[in-house]
2 protein chains.
Amino acid sequence: MDEKIISARTLRRLPVYLHYLNSIQDHCRNISATAISEEFGLNDVQVRKDLNAVSGTGRPKTGYVVTELIAQIESVLDCRTESKTVLVGAGNLGKALLSYEGFRDFGLNIIAAFDNSPTICGTLVNGKPVLPLTDLETVCREKHIQLGIITVPASQAQEICDRLAACGITAIWNFAPTILRVPAGVLVENENLASSLAILSKHLRAEKGGAPT
Amino acid sequence: MDEKIISARTLRRLPVYLHYLNSIQDHCRNISATAISEEFGLNDVQVRKDLNAVSGTGRPKTGYVVTELIAQIESVLDCRTESKTVLVGAGNLGKALLSYEGFRDFGLNIIAAFDNSPTICGTLVNGKPVLPLTDLETVCREKHIQLGIITVPASQAQEICDRLAACGITAIWNFAPTILRVPAGVLVENENLASSLAILSKHLRAEKGGAPT
DNA sequence: TAGATTGTTAATCGATTAACAATC
DNA sequence: TAGATTGTTAATCGATTAACAATC
């Protein structure tokens, strides 16, 4: 009964609420869904439904107890449990992500990176070893890797994805600009920067001209 | 009549199709929506509707002409027009993105980065100058900057967003884990890595235990 | 002609929003 | 009590999928 089904959209907003609640917890004991909705320009019912999915302890007139909400969201997100991770593709984007320390706050622990370029294999990036791609399966199995980050070119992404899935990895964070086919039970989260840029560019362009007549 | 309204979801898939079409154009003259849908595990009607939004020249039995499709998608995405961009927040993630060359392929041209740490201001990251945050307005106005990338901590993101919008920037790529309020006409594209990790972590956790009874 | 493929119209699905009753 | 706020049920909206007619 503890585990309600939480929609992906709700799940995406929870870290945002959590960050906000942490920032106000020193000066606010209670908070209403209405106040949160105004902070972020969201619909108040939406916020209430989101909070309901993790909590359900709101009280009319008073709202929610900030510290309780924080504890409940943290419990759902389970920020403290580390996710053992490998990153495949130590090119520009891969190295950039390896160097980004911020992931640690979210429980992400990158154990190793893989690449097939001999010049980068054997080096360390931000203290993390870059290993030859041939070692992928061995390391994933031995270290019980749970999560794979894909930063190879689109043309190789599906093959890497297949290999990761074959090692028992069930969560894949895909930065390659392609759509991956995966077996049932494996979750792919796409961080498609090309798609995001398409949205932004289109907006910039639409503003200027419209139809060229 | 040239400009049909293209939904955001469709727009996100177009770069994926484009990449695939480029990869096959040497050996395929025609391609059917069905074939594309199978390549990516999508619904065939969905692909057809997507292609329809940019083209509408498909022929029964034959499908679409690959080179025509490529030209039409490129025209809609307008990859060749450069978007003049600034990046605000030269911390770990900011520096990582500055070092990523891949953006160039998508028409993104980062003119300068901004930060308020004296130790990083005045330096170059990947050949791009990091300037003091106080210069933000001057540079944006003088260089006619169109797009802003926000990589500051969540607590400062809204303020930076307001300042960018005040300089006439109408497209914002937000990597801070928060939701931004913007004036009408300004588009925010969120690349919320914390949200993505929430989805992935939840999946990993749900698999293992489920409810602790 | 037969069959693959397109494009359209209707049905389904999920998420957001609106309306409203319950409660402190 | 009055009013703010919660939580629920119904309406709306947009996107995906299914069914089907048109066409090469």
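In the text below, chain A, chain B and the rest are named by the order of the sequence lines, each starting its count at 1. The structure displayed is predicted, hence computed values, not measured ones.
The minimum heavy-atom distance linking B:L200 with A:A171 is given by the pair CD2-CB, 3.9 Å. Counting all heavy atoms, side chain and backbone alike, B:N92 lies closest to A:E101 at ND2-CB, 3.7 Å. Scanning all heavy atoms of the two residues, the minimum distance from A:G94 to A:T151 falls at CA-OG1, 3.6 Å. A pairwise comparison of heavy atoms in A:S196 and B:E189 identifies OG-OE2, 3.3 Å as the closest pair.
When only modelled atom types and interatomic distance are considered, A:D50 and A:T10 share a side-chain donor-acceptor pair under 3.5 Å. One side chain, B:Q158 or B:D162, offers a donor N or O that lies under 3.5 Å from an acceptor on the other. Side-chain atoms of A:S55 and A:T57 form a donor-acceptor pair, as typed in the model, at a separation below 3.5 Å.
Paired runs in DNA chain C that reach 3 or more consecutive Watson-Crick or G-U pairs, where each pair keeps both distances under 3.5 Å, cover C:3-24 with D:3-24.
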Set out, in order, the CA-CA distance, both residues' side-chain angles and the distance that settles side-chain contact (heavy atoms from CB on, under 4.5 Å) for B:C161 and B:I172, then state yes or no.
CA-CA 8 Å; B:C161 174; B:I172 289 175; 3.7 Å; yes

Residue pair A:L69, A:Q72: steps toward the side-chain contact (heavy atoms from CB on, under 4.5 Å) verdict:
CA-CA 5 Å; A:L69 268 189; A:Q72 286 156 342; 3.9 Å; yes

Is there a side-chain contact (heavy atoms from CB on, under 4.5 Å) between A:R12 and B:N190 once you walk through the steps?
CA-CA 11 Å; A:R12 264 174 220 284; B:N190 289 301; over 6 Å; no

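Comparing B:G63 and A:R9 against DNA chain C, the residue whose closest nucleotide sits nearer the 5' end is B:G63. Taking the nucleotide of DNA chain C with the nearest heavy atom to each of A:R59 and A:D50, the more 5' of the two is matched to A:D50.
For DNA chain C, the residues of residues 30-47 of chain B within the heavy-atom distance limit of 4.0 Å (strictly under) are B:S32, B:A33, B:T34, B:V45, sorted by number. The stretch residues 64-77 of chain A has no heavy atom under 4.0 Å from DNA chain C, so no residue of it qualifies as close. Shown for residues 20-27 of chain B: no residue has heavy atoms falling under 4.0 angstrom of DNA chain D.
If you check every strand for non-hydrogen atoms under 4.0 Å, A:R48 touches a base. Residue contacts for B:R13: at a heavy-atom cut-off of 4.0 Å it reaches the sugar-phosphate backbone alone, with no base atom in range.
Taking B:F103 as the reference, B:Y100, B:W173 meet the ring-ring contact (aromatic ring centres under 6.0 Å, His included) condition, with sequence neighbours excluded.
Note: B:Y20 and B:F40 have perpendicular aromatic rings, judged against thresholds of 30 and 60 degrees for the angle between ring planes.
A distance of 10.5 Å separates CD1 in B:I169 from CD1 in B:I149, rounded to the nearest 0.5 Å. Remark: B:L187 CG to B:N174 CG distance equals 11.5 Å, nearest 0.5 Å.
Taking the 5' to 3' direction, DNA chain C first and last meets chain A under 4.0 angstrom from a heavy atom at C:dA15 to C:dC24.
Looking at heavy atoms from C-beta onward, A:L97 lies out of side-chain contact with A:I110 at the 4.5 angstrom threshold.
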